[in-house]
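First up is the structure itself, then whatever we jot down about it.
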There are 2 protein chains.
Amino acid sequence: MFSLAIHFDETDMKKSASVQRRKTFRHGDLRNALVAAGLEMARVGGPDAVVLREATRRAMVSPNAAYRHFANQAALLDAVRSECLSRLAAAIEEEMGKTGLGRDPQVFARKSLRAVGMGYLRFAIKEPGMFRTAFSVPPAVDVPNSANAASMGLNPFELLSLALNRMQQSGLLSKKDRKDAEYLAWSTVHGLARLALEGPLHTLPNEKVLALGERLVVMVERGLS
Amino acid sequence: MFSLAIHFDETDMKKSASVQRRKTFRHGDLRNALVAAGLEMARVGGPDAVVLREATRRAMVSPNAAYRHFANQAALLDAVRSECLSRLAAAIEEEMGKTGLGRDPQVFARKSLRAVGMGYLRFAIKEPGMFRTAFSVPPAVDVPNSANAASMGLNPFELLSLALNRMQQSGLLSKKDRKDAEYLAWSTVHGLARLALEGPLHTLPNEKVLALGERLVVMVERGLS
DNA sequence: ACCTTAAGTGGACGCTGTCTACAATTGTTC
DNA sequence: GAACAATTGTAGACAGCGTCCACTTAAGGT
C-alpha cells in the first residue's frame, strides 16, 4: 500500500511484530517525531548524519510529509541543533548544581566557572555527535532563544556569563577585565573540545582531555585578571 | 561526444572561447587538477562543498576518472584538507617572519607566540572555507606529515611548539608549565576561530575578533606560567 | 608487432533533497 | 448536518550525488 510496505510485505498485511503501522491518517505529532529522529541521528553521526528522508522513514511517513513542518532539511537540522544546545545547557546546569553553594563567594565563583567549563567539556566528550551538531550552523548569540535553554532558561553562553558575574561580584575580576571575558573563556574550552573531537587531538584519551580542561580553567582564571 | 558537450553544444564542435577541450586522451596531471578544483570549492564553501563530480567537471573529465587517483571522495577531501593545512602553516610562518629577530630572547619568544596565534586567527578570518576544511577530518597530530607543512617543513602544531620552546628557553616558562602547553595555547585560539567562523560569534566584526585574539595570547602567556 | 597496464569513458544503481499534483482527514460555517 | 476550506498526509517525478562494473584508448616494454 504505502511504499513502506516493502519493509514487511511478506504476503501478510497485518502489522508485523516490531513495526506497527500508524492507524490514523494524521500522525498527530510528526514535527516532534522528526526532531526526535533527527536528534538520534545527530547523536550517532553528527550534523551530516541528520537526513530528512531517514527521519520520515523512522516516523513511518512519506518523505514529503516533512515539508508540512519544515521548509527544508536545513530547517529540520536547525531544530535538531537547537535541541542539542538545550541539552548542552542542561549538562552545564547539572555540573553547576553539583558544586554546593559554599559560603565563600570567591570560592563559589571559582567553582561556578570551573563547572561551566568542565560541564561543557564533559558533554562534548560524552555526546560528541550532539556537541558537533550544536555548533554546526551559526545561530546568533545575542538574541536569547529560549529553545536553546535548559531548565534555568539560560543558554550555555548565559550560564558562562553568570559564572563570570560571580567572579566579578566576589572581587576576583575587575570591571575592565570582565568585559568580553565570556568570549575569552568560551574560546578556550570550546577550542579544546573541538580539537579533541574532530581535530588533531582526537586520539587523546578522555582523561587527558579533561585534565587539560582543568588546566585551561585555571589558566583562564589567572589570565583574565 | 563526451557528456561534457552539453556545456557548449551550440551546434559547433570547435572549442569555445573560454573552455578548450583536452586534446590528448590522458589528462597528464589529473590528480593535481582534482585537488586544485577541490581546494577552490573548499575555499568558497568549506568541506561540504568539495564534491567529487564537480571536481571532475572542472578538470573536464568524466566522473569516474577520479577513481583512478582517489579511492573515494573522502580521499579527495583528505588531500584537499592536507593542502589547507599547508596553507595555514604558510600563513603562520609568514606572520612569524614579520617579527624581526629581536635581540632580547624573551621579547623574541613572546613575539613568536603572538605571531603563531595571530597568524592562525588571521588565516581563519581571511580563508574561512580553507580553515574549516583543514580541521574537518581528524588527522593524527603526532605523526608528522610533511604534506601538511609549509616551507619550513613544520605543520601548525610544530610551529606552535617552536614558539613555546623559545618561551621556555628564554626563561619565560618553567619546564613543568611547558608540558602540554601547546594543547592549551592551541585550544584558546582555535576555539575563538571556530566560534567566530561557524559558531555563535560569527556576527562579531573581524577587528573585534582579532582584538580578542590579542587578549587571548596575553592570557595564555600569563596563565601558562 | 604484440601484450600488458594505466587512465580514461559510459551506463547504471540507490541514495539524497525537493517540486507539483492529488487524496484524506479535520475544522468551520451556514 | 451538509458544504466547504484548511491541514496534513501520499504519489510520482526530477536532478545531483557517490560509486560499481564493463568497456575503450593510448602508452610502454618486450
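In the text below, chain A, chain B and the rest are named by the order of the sequence lines, each starting its count at 1. The model shown is predicted, which means the values in this text are computed figures rather than measured ones.
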Heavy atoms, side chains only, cut-off 4.5 Å: are A:Leu162 and A:Ser112 in contact? no
Is there a side-chain contact between A:Arg114 and A:Thr99 in this structure, where contact means two heavy atoms from C-beta onward sitting under 4.5 Å apart? no
Could you check how far [atom1] of [X] sits from [atom2] of [N], rounded to whole Å?
X       : N      : atom1 : atom2 : answer
B:Arg53 : D:dA15 : CZ    : C1'   : 11 Å
A:Met60 : D:dG9  : CE    : C1'   : 14 Å
A:Glu54 : C:dT16 : CD    : P     : 7 Å
A:Met41 : C:dC15 : CE    : P     : 15 Å
A:Leu52 : C:dG17 : CG    : P     : 5 Å
A:Asp29 : D:dT8  : CG    : C1'   : 13 Å
B:Arg57 : D:dA15 : CZ    : P     : 14 Å
A:Asp48 : C:dC15 : CG    : C1'   : 15 Å

Return yes if the base of [N] and the side-chain atoms of [X] contain a donor-acceptor N/O pair under 3.5 Å, otherwise no.
X       : N      : value
A:Arg31 : D:dT8  : no
B:Arg26 : C:dG8  : no
A:Asn64 : D:dG12 : yes

Show the nearest heavy-atom pair for residues [X] and [Y], with the distance to one decimal.
X        : Y       : value
A:Gly119 : A:Ile92 : C-CG1, 4.2 Å
A:Val61  : A:His27 : CG2-CD2, 4.3 Å
A:Leu39  : A:Glu83 : CD2-CG, 3.7 Å

Just say parallel, tilted or perpendicular for the rings of B:Tyr120 and B:His190, cut-offs at 30° and 60°. perpendicular
May I ask you to check whether over 12 heavy atoms, not counting those of B:Lys98, lie within 6.0 Å of atom NZ? yes
By a strict heavy-atom criterion of less than 4.0 Å, which residues belonging to residues 65-73 of chain A are in contact with DNA chain D? A:Ala65, A:Arg68, A:His69
Nearest heavy atom decides the nucleotide; on that basis, is A:Gly28 or B:Val50 closer to the 5' end of DNA chain D? A:Gly28
